[in-house]
There are 2 protein chains.
Amino acid sequence: MGSRPTIVHVAKEAGLSKATVARVLNQQTDISVRKETRLRVQSAAESLGYVPNKLAASLRSSRTNNIAISISDISNPFFPELVRGAQDTLSKRGYNMIILNNDWDQETEREQFNVIKRTLVDGVILAPSRLDLDLSCLGTIPVIILGNSDAYPSYDSIGNNSRAGVELAFERLHSLKHRRIGLVLGGSSKLETSAWRIQIYRDFHQKHGLMLDENLITRCKFTVRASDSFIMARDPIKRLLKLERRPTAIFASNDILALSVLQVANELGIAVPNELSVIGMGDVFAASASSPPLTTICKQRYKLGKLAAERLLDLLSSPEIVAQKAPLKIRLACKLIERGTTSIL
Amino acid sequence: MGSRPTIVHVAKEAGLSKATVARVLNQQTDISVRKETRLRVQSAAESLGYVPNKLAASLRSSRTNNIAISISDISNPFFPELVRGAQDTLSKRGYNMIILNNDWDQETEREQFNVIKRTLVDGVILAPSRLDLDLSCLGTIPVIILGNSDAYPSYDSIGNNSRAGVELAFERLHSLKHRRIGLVLGGSSKLETSAWRIQIYRDFHQKHGLMLDENLITRCKFTVRASDSFIMARDPIKRLLKLERRPTAIFASNDILALSVLQVANELGIAVPNELSVIGMGDVFAASASSPPLTTICKQRYKLGKLAAERLLDLLSSPEIVAQKAPLKIRLACKLIERGTTSIL
DNA sequence: GAAAACAATGAGAACGTTCTCATAGGGAGT
DNA sequence: ACTCCCTATGAGAACGTTCTCATTGTTTTC
């Protein structure tokens, strides 16, 4: 009884068929309908308070205007802005977004692929929890991969050029005359083997003819919750800063760890940046709010999400054309944001 | 041709009708179906790789298993954890979540209400952008209001007891012998008129027989982007800290502002906590990562989302029962997290 | 002036489920 | 043996759209 009006009600009210009503309401520009008819439909819809049922439309047209984004954890400071970037782009074009958190867990992720298939999204933005995922089960749904790995060669992928970013950090510290540079890494996540960071670290030493001291490489547990990781990093960092020949500078592979360095240094009475320079990576909000504010390698999160969404929209609007080309690989440049934790030695 | 198998394909494969297949696949416990039949259906579904079409199911049953959450901005540090709390609860029960950002903009919010109606969500968790919204357009969709206002008396609402939290901060500073306490407020958001905070500030002074110095009340612009607010707060805070009789303690109405205080103090060479105690509010991640770590009034964000989701699920599973009761009003207690920015005078 | 083209609308199938009601089969009660 | 009931299954409508094709009326073309 109290159920909402459907397109047939509108049709009846306007004295037209539902086909015509649909034509008017979907604003198909290429279809001809008399101006007067158009108005009649519009006023009928208005007066009945008609709201189209998206489910029925999607079922028939097999376009849902939903896209799914699968990430590790929305409460990880890296993701909200990324999500926002994607969402702003998508909602402008009438798409809704469903966020799926996988917590770096493969089981969860697999379950989500099922959700994706059941729920019939038009496209997927995927930050893979690991590098060896089988995406074939997603069938023909367009997928954009987030990240900088080459593990999914046949898919479009968009990420930050983290390699170049890490090099940038080392080079900057070198140009500030630092020769004894600590490396703080977060491990345990399947995705970030951190092997490649160590490789860059080695290459950097070799390139500049520096002696590499393995004691300066510090590994920290890195878990799902940022605040936990922050705490757990304290002990290994404390060890690093208590070495008898402690580093004059530290590069941490993410801002959480870099902030942990800052805090430990503060407690040990080591003045930053005068006695210790620190560079983080990511440029999360907390980085700009520390005292002194953290120098960091900025990953473009908002833009990352935006580009992924734009690419997905392209794929959706013209699947054939885009499919012919080679997969898109975008690596956004990382920038050095020099704030207050770096100074010349 | 390549389209996915439907329930009729499964039925044909199993030599049964789609009704029976549906019975098996929906695990209705109260319905009788022979064990052998059940197995036949399951193996048929398995071998065809059948995935149910949620759209069709939703259309027929008018249950979508989607719920919408309307918030101001997912990239505001307050929200990700809240969303996560809700999401964890909902996904456990098979619900997906659609996040809508309104950017404190009424126009956007109104558009989103349309999205909600079109998309036929089962329920809504709503953090209203203002206190005078007309929610009647959402019809009979169950709605949970987030926040601590009494503006929506007929709806369930769940929020933090911010008033008590603010009092807690003042009382703590008082017990630490501070008598000259600055108040840093973030304005401009329609929701947070901050009038009530000033009232509490006045009441506090009166209660303890303290002289109230209007110069100690500082208003900062507070905008959509946390990082912008952080920067914009610097000038007013600097003025506050440069008063000839500057406060010995500061309470800021959110952590972003409190961190800004920390940073400005650091630049001015004011030692925290020895020369200045600071208490923030919110307990965002950045609060624990500052140096020294910020003492703050903790708002329970994860639990807030969790409770909202649980209540919504209750409403959905037994609408009649719950509807009879008076609207639920939950105010979560705020806790004082004493870290490194407070000390006795 | 008849045929052809076009513009505007209508009729009704289709999408893939759920759900209601009907029906077939078999055992229990009398 | 007849009715009754219960269990297991089937037939088909319904959900509210979109989309294809048909139809009507009007204009253009030769």
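Source: prediction; values computed, not measured. By convention in this document, chain letters (A, B, ...) are assigned in the order of the sequence lines, proteins followed by strands, and residues within each chain are numbered from 1.
In this structure, A:Ser61 does not reach the C:dC15 phosphate: none of its side-chain N or O atoms is under 4.0 Å from OP1 or OP2. For B:Arg34, a side-chain nitrogen or oxygen approaches OP1 or OP2 of D:dT9 to under 4.0 Å. OP1 or OP2 of C:dG10 lies within a sub-4.0 Å distance of a side-chain N or O belonging to A:Ser17. For B:Ser62 and D:dC15, the shortest distance from a side-chain N or O to OP1 or OP2 is not below 4.0 Å. Between D:dT18 and A:Asn26, a contact under 4.0 Å exists linking OP1 or OP2 to a side-chain N or O.
Formation of a donor-acceptor pair under 3.5 Å by the A:Thr37 side chain with backbone atoms of A:Val33 is not found in this model.
Remark: C1' of D:dA8 and CZ of B:Arg38 are 12 Å apart, rounded to the nearest angstrom. B:Leu120 has its CG atom 12 Å from the C1' atom of D:dT17, to the nearest Å. B:His9 has its NE2 atom 8 Å from the P atom of C:dG16, to the nearest Å. Rounded to an integer number of Å, the gap from B:Lys117 NZ to D:dT17 C1' is 17 Å. Taking atom CZ of B:Arg40 as the reference point, atom P of D:dA8 lies 14 Å away to the nearest angstrom. Regarding B:Arg23, its CZ atom lies at a distance of 8 Å from the P atom of D:dG10, rounded to whole Å. Following rounding to the nearest Å, B:Lys35 (NZ) and D:dT9 (C1') show an atom-to-atom distance of 19 Å. The CD1-P distance, from A:Ile7 to D:dC15, rounds to 15 Å in whole Å.
Using a cutoff of 4.0 Å between basic side-chain nitrogens and carboxylate oxygens, A:Asp88 and A:Arg93 are not scored as salt-bridged. A salt bridge links B:Arg118 to B:Glu111: at least one charged side-chain nitrogen sits closer than 4.0 Å to a carboxylate oxygen. Between A:Asp103 and B:Arg84, at least one side-chain N (NZ, or NE/NH1/NH2) sits under 4.0 Å from a carboxylate O, which counts as a salt bridge.
The environment of B:Lys306 atom NZ is sparse: at most 12 non-hydrogen atoms of other residues, nucleotides or ligands sit within 6.0 angstrom.
Nucleotides of DNA chain C nearest to B:Pro5 and A:Leu16 differ in position, and the one nearer the 5' end is that of A:Leu16.
Nucleic acid contact class of A:Ala19 (heavy atoms, under 4.0 Å, all strands): base. The residue B:Leu55 sits apart from the nucleic acid: no heavy atom pair falls under 4.0 Å. Residue A:Ser58 is out of contact with every strand shown, counting any heavy-atom pair closer than 4.0 Å. Looking at heavy-atom distances under 4.0 Å, B:Arg63 makes contact with sugar-phosphate atoms alone, never a base.
Judged by atom type and distance alone, B:Arg4 does not reach the base of C:dG16 through any side-chain donor-acceptor pair under 3.5 Å. Under 3.5 Å, the side chain of B:Arg60 and the base of C:dT17 form no donor-acceptor pair of N or O atoms. Contact annotation: side chain of B:Lys18 to base of C:dT17, donor-acceptor pair present below 3.5 Å.
Among the nucleotides C:dG10, D:dG16, D:dT18, the one closest to any side-chain atom of B:Leu59 is D:dG16.
Nearest approach of B:Ser72 to B:Asn102, heavy atoms of both residues: CA-OD1, 3.2 Å.
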